[in-house]
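Notes for the one structure printed next.
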Amino acid sequence: MNIVFLGPPGAGKGTHAQQLMKYMNIPQISTGDMFRRAIREQTPTGMDAKRYMDKGELVPDEVVVAMVKERLAEPDCQNGYILDGFPRTVAQAEALEGIATIDVALNIDVPDEIIINRLSGRRVCAACGGTYHVSMLEGDKCPACNGELYQRDDDKPETIRTRLAVYQEKTAPLISYYREKGLLSTAVCVGTIEENYQKVLAALKTKD
Ligand code: AP5
């Protein structure tokens, strides 16, 4: 199954994609994670992407599309994948149609006030990439692998506001885009992570 996860920053795309990846045994392809890795490795793509990400803006479409095209050609994508954070513009969605057939676009719907709390409390493990909220942590190490936890540079309040505005302008139109194609399914995710995950699983079995 080829799945697109739509939803605003902090909706839980990464959290639920990681759960689903283990359950369905297909890879999670997060363009945000790919760019963060490229930044850590100081590649030219990473250095270019950082200028946009630090401001909460989108990386140019042609850069993201080329990166995803290359990733989808890898052997582990043969039996399906979860695209987490891609496409994010109508131009990206149109480009994706030329390289893949999408079975479902799952829209994770969460109101802004919940998102701001989630993002400002998010911590990420530098070793395994696990994502947590400070409210679930007892110490300052990753509960899964004991790695160092850090706060993302773009999780500062002013950058979060820009990311939400960019989402409304550039990415929210994809909800209608996929609805018109009969591929949209919506999960309203305002509960606990486990409750939300059950909604995601249920939504994957139906279309809006
Ligand atoms: P990216 O990394 O994709 O960020 P994002 O879409 O803004 O999404 P997030 O990772 O912030 O949130 P999420 O929905 O995955 O939520 P999470 O599961 O972590 O992109 C970063 C940047 O890269 C972009 O701004 C852009 O510059 C660039 N980029 C990436 N893709 C691009 C593209 N296609 N085109 C152009 N540019 C691109 O959850 C959030 C927090 O909530 C966690 O701490 C989690 O533990 C917590 N949480 C608490 N309670 C719950 C609950 N009940 N359910 C779920 N999560 C909960």
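Numbering of ligands and ligand atoms starts at 1, following listing order. In this chain, numbering begins with 1 at the start of the sequence shown. All values below come from the heavy atoms of this structure, side chains included, with hydrogens, waters and symmetry mates left out.
- Not a single N or O atom of R123, backbone or side chain, sits closer than 3.5 Å to an N or O atom of ligand 1.
- The main-chain N or O of S120 is found under 3.5 Å from a side-chain atom of Q151 such that the two form a donor-acceptor pair.
- Counting only distance, with no hydrogens or angles, the side chain of R118 and the backbone of A11 share a donor-acceptor pair below 3.5 Å.
- The closest side-chain heavy-atom distance from M136 to I193 is below 4.5 Å.
- A donor-acceptor distance shorter than 3.5 angstrom exists from the side chain of K13 to the backbone of P8, with no hydrogens or angles considered.
- Ligand 1 places these atoms under 4.0 Å from at least one heavy atom of M136: 46 (O).
- The shortest heavy-atom distance from A11 to ligand 1 is under 4.0 Å.
- Heavy-atom proximity to D154, at under 4.0 Å, picks out these atoms of ligand 1: 21 (C).
- Between the CG atom in D48 and the CD1 atom in I39 there is a gap of 10.0 Å [rounded to 0.5 Å].
- Looking at R88, K199, Q28, it is R88 that brings a heavy atom closest to atom 32 (C) of ligand 1.
- Side-chain N or O atoms of S185 include one that pairs as donor or acceptor with a backbone N or O of T206 at under 3.5 Å.
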Quiz prompt | Derivation of the side-chain hydrogen bond (donor to acceptor under 3.5 Å, both in side chains) call for T186 and D109 | solution = CA-CA 7 Å; T186 304; D109 189 4; over 6 Å; no
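- Comparing heavy-atom distances from atom 49 (C) of ligand 1 across R118, K50, K170, R163 singles out R118 as nearest.
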Name the atoms and distances for all side-chain donor-acceptor pairs under 3.5 Å in residues 158-166, with sequence neighbours left out.
from: T162; atom 1: OG1; to: E158; atom 2: O; distance (Å): 3.3
from: R163; atom 1: NH1; to: D154; atom 2: O; distance (Å): 2.8
from: R163; atom 1: NH1; to: D155; atom 2: OD1; distance (Å): 3.0

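- Against a heavy-atom cut-off of under 4.0 Å, H133 is close to the following atoms of ligand 1: 44 (O), 46 (O).
- Taking any N or O of Q92, backbone or side chain, at least one lies under 3.5 Å from an N or O belonging to ligand 1.
- At least one heavy atom of G10 sits less than 4.0 Å from an atom of ligand 1.
- For ligand 1, the atoms sitting less than 4.0 Å from at least one non-hydrogen atom of G14 are 13 (P), 15 (O), 18 (O), numbered in the order shown with element in parentheses.
- Listed by number with element, the atoms of ligand 1 under 4.0 Å from a non-hydrogen atom of N196 are 52 (C), 53 (N), 54 (N).
- Using a distance-only test at 3.5 Å, with no hydrogens or angles considered, a donor-acceptor pair links the side chain of D103 to the main chain of N2.
- Assignment of M34 to the shell around ligand 1 is not supported, since no heavy atom sits closer than 4.0 Å.
- Below 4.0 Å from some heavy atom of M53 lie the following atoms of ligand 1, by number and element: 22 (C), 23 (O), 27 (O), 28 (C).
- At least one heavy atom of R152 sits under 4.0 Å from some atom of ligand 1.
- With distances taken over non-hydrogen atoms, the option nearest atom 37 (N) of ligand 1 out of T89, V59, V64 is V59.
- In terms of polar-atom proximity, defined here as any N/O pair under 3.5 Å, G191 does make such a contact with ligand 1.
- Interface atoms of ligand 1 facing T131, defined by a heavy-atom separation under 4.0 Å, are 19 (O), 43 (C), 44 (O).
- Inclusion of G121 in the set of residues having an N or O under 3.5 Å from an N or O of ligand 1 is not warranted.
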